[in-house]
Amino acid sequence: MELWHIRGEKRLCGAVQVQGSKNASLPILAASILAPQRCELYNVPQLRDVDAALRILRCLGCVAEQQGNTVYIDSGTLSGCSIPHSLMEEMRSSVIFLGALIARCGEARLSLPGGCQLGKRPIDLHLAALRELGAEIEEDGTEICCRSARLHGTEIVFPFPSVGATENAMLAACAAKGETILHGAAREPEIVALQDFLGSLGAEISGAGTDTIRIGAFRPCGSTAQRIIPDRIVASTLACAAASAGGDVMLQGIDPRHFSTVLYFLNKAGCDIMSTDHSARIRSSGRLCAVGPVVTEPYPGFPTDAQPVLMAAMLQARGRTLIRETIFENRFRQVPELRRLGADIDYCGRTAEVRGVPRLHGAALTATDLRGGASMIVAGLSAQGETVICDDGHITRGYECFDSRLRALGADIWLER
Ligand code: EPZ
């Protein structure tokens, strides 16, 4: 159990280097199975989910090591195509190994993935895309067995731009004979990062960042190296923390275009935002006004992963903020915990209403999930007195050295393990 102790009401000031993206690292780690030779990845955050992906690679027979923020992988020694349940249940994105394994081995055996409990998280779109590429899939509700003597290029139309299903289809399509065209694909920066990595491995792939991705021939080339893009959700979390606690924070090593919708709302709420290509400065008096309505949408819309942290930033904002969650059915799990701090929030179904209160007071909270836990940190930083968040390891799945990064900005926060 991890305990986050926060003494709130400290202004946040200074510069902070934002970590590499968890959600870009994980599919790239799975994709490394397709690398014909050794690959090196830089700026990989040291996180539980990354560690879980490395353990999956090692279990498959690959060499996979992390030293600091650099990961070395050699999948030349890959010897298996099944992943045990104990590893699959650690995180949702373990399902991306399905597309990578079917591409590399023509076979994959794994169980249904774990991950944050955000409501139903089916993988029907993943499986439908793989079937259209020619994979034969048997599933019995717990195990998935996927085989294909030969995948063939095809046109796939996604009814919803699922991030994971797009990634799985991109990976499997690398081994298909002929061109594959994905229509209605997810457009997230992490998809572009995966395209860049697959391109560096020798895939003919284009269109990521739009809703149409084309995958042609895969001609494996030599060893490769790639730098992981900055984490737009960690950047959003730090920006929301600076906005609500007040202060003057420079986020470095980021791409502000990746979370421009979050910066837009913080600016509307009264923050002064100055961006360059690789940084964003957030200046806030801490006295915000309500914004919205905020509606979560697939990229480039407002990210569902930033919804809980923006909600936390709005708890003391003057007025009423309406938030509508359209991606996950159960992403207001932080609300009962935030209420313990004195927050005035109601929600019904997928819509929440935050009515700003003059003051929050510290309390004992329990982290419900990764971003819900992060929202409690943001709220605790601007609450009066001490907040203690009891966490079963959710927050450290996605935030690297978050306590020391916030301490460097002047926050009074420490993590007790
Ligand atoms: C990715 O999850 C991210 N995870 C999530 O981040 C993020 O919240 C999500 O995309 C949306 O942006 C990683 O990248 C590792 P989806 P993913 O498939 O791929 C439904 C975080 O906090 N759906 O786009 O699982 C699904 O139920 C995490 O870092 C189907 O119905 O997201 C959900 O309602 C949490 N059938 C919606 O689509 C499917 O086959 C979005 O899911 C697949 C998805």
Side-chain angles (χ1 to χ4, degrees), residues 19-31 45 47-50 52-53 56 88 90-99 112-132 137 139 144 156 158-171 182 184-194 211 228-229 231-237 258-259 261-262 295-310 325-331 333-334 350 367-375 393-400:
Q19 71 182 60
S21 162
K22 165 179 84 76
N23 291 347
S25 300
L26 299 174
I28 288 176
L29 288 169
L47 299 170
R48 269 184 44 211
D49 277 11
V50 167
I56 290 177
M88 285 301 294
E90 288 200 31
M91 58 169 180
R92 164 84 181 175
S93 64
S94 52
V95 75
I96 308 302
F97 279 90
L98 190 58
L112 287 173
C116 283
Q117 302 304 313
L118 308 174
K120 281 202 289 296
R121 296 183 75 181
I123 56 165
D124 54 320
L125 302 176
H126 301 235
L127 302 185
L130 296 178
R131 283 187 173 115
E132 287 191 54
I137 303 175
E139 38 157 354
I144 304 168
I156 296 172
F158 288 109
F160 175 84
S162 156
V163 175
T166 301
E167 291 165 346
N168 250 331
M170 287 165 78
L171 290 169
L182 309 179
R187 298 161 61 185
E188 272 70 0
E190 294 78 19
I191 301 285
V192 179
L194 180 60
D211 63 1
I228 299 295
I229 59 170
D231 195 309
R232 62 195 169 99
I233 306 302
V234 171
S236 303
T237 306
H258 290 172
F259 61 112
T261 47
V262 178
V295 182
T296 65
E297 287 171 338
Y299 192 84
F302 188 88
T304 173
D305 292 346
Q307 175 265 105
V309 293
L310 184 74
E325 170 62 51
T326 74
I327 306 295
F328 289 109
E329 59 179 8
N330 196 8
R331 211 161 198 184
R333 296 177 74 213
Q334 71 278 11
R350 291 188 178 214
T368 44
D369 57 82
L370 167 56
R371 308 301 171 188
S375 79
H394 295 290
I395 300 171
T396 48
R397 279 187 42 218
Y399 292 84
E400 180 192 55

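Residue indices begin at 1 and follow the sequence shown. For ligands, and for the atoms within them, numbers begin at 1 and follow the listed sequence.
Contact of the T368 side chain with the H394 side chain is not registered, since no non-hydrogen atoms from C-beta on lie closer than 4.5 Å. F160 has its side chain within reach of P298: a pair of non-hydrogen atoms, C-beta onward, lies under 4.5 Å apart. I96 is not listed as a side-chain neighbour of L26, based on a closest heavy-atom distance of 4.5 Å or more. Using a 4.5 Å cut-off on side-chain heavy atoms (C-beta onward), Y399 and L370 make contact. No side-chain heavy atom of L29 sits less than 4.5 Å from a side-chain heavy atom of I56. In this structure, I233 and P303 have side chains that are in contact, with non-hydrogen atoms separated by less than 4.5 Å. At a threshold of 4.5 Å between non-hydrogen side-chain atoms, the residues D305 and N23 count as touching. Residues R371 and V309 form no side-chain contact, since every pair of their non-hydrogen atoms from C-beta on lies 4.5 Å or further apart.
For S236, the side chain to side chain contact (heavy atoms under 4.5 Å, CB included) test picks out F259, V262, A306, with sequence neighbours left out.
Residue F328 has no N or O atom closer than 3.5 Å to an N or O atom of ligand 1. The shortest N/O to N/O separation between D124 and ligand 1 falls below 3.5 Å. Considering backbone and side-chain N/O atoms, F160 never comes within less than 3.5 Å of an N/O atom of ligand 1.
Taking every heavy atom of K22 and a limit of under 4.0 angstrom, the matching atoms of ligand 1 come to 21 (C), 29 (O). Below 4.0 Å from some heavy atom of G164 lie the following atoms of ligand 1, by number and element: 18 (O), 19 (O). Annotation for ligand 1: atoms under 4.0 Å from non-hydrogen atoms of L370 are 22 (O), 29 (O). Counting the atoms of ligand 1 from 1 in the order shown, those under 4.0 Å from a heavy atom of S93 are 15 (C).
The proximity of E329 to ligand 1, defined as any non-hydrogen pair under 4.0 Å, does not occur for either the backbone or the side chain. The backbone and the side chain of I327 each have at least one atom closer than 4.0 Å to an atom of ligand 1 (non-hydrogen atoms only). Only the side chain of D305 comes within 4.0 Å of ligand 1, judged by heavy-atom distances. Contact annotation for L125 and ligand 1: heavy atoms of both the backbone and the side chain come within less than 4.0 Å of the ligand.
Residue contacts with ligand 1: R371 is included, with a non-hydrogen atom under 4.0 Å away. Within the structure, ligand 1 has R331 among the residues with a heavy atom less than 4.0 angstrom away.
Heavy-atom proximity to atom 16 (P) of ligand 1, evaluated over T326, V163, L26, is greatest for V163. The closest non-hydrogen atom to atom 39 (C) of ligand 1, taken over P159, P122, S94, P303, comes from P122.
A side chain to side chain donor-acceptor pair (under 3.5 Å) with R232 is found for one member of H258, E190, E188 and no other, namely E190.
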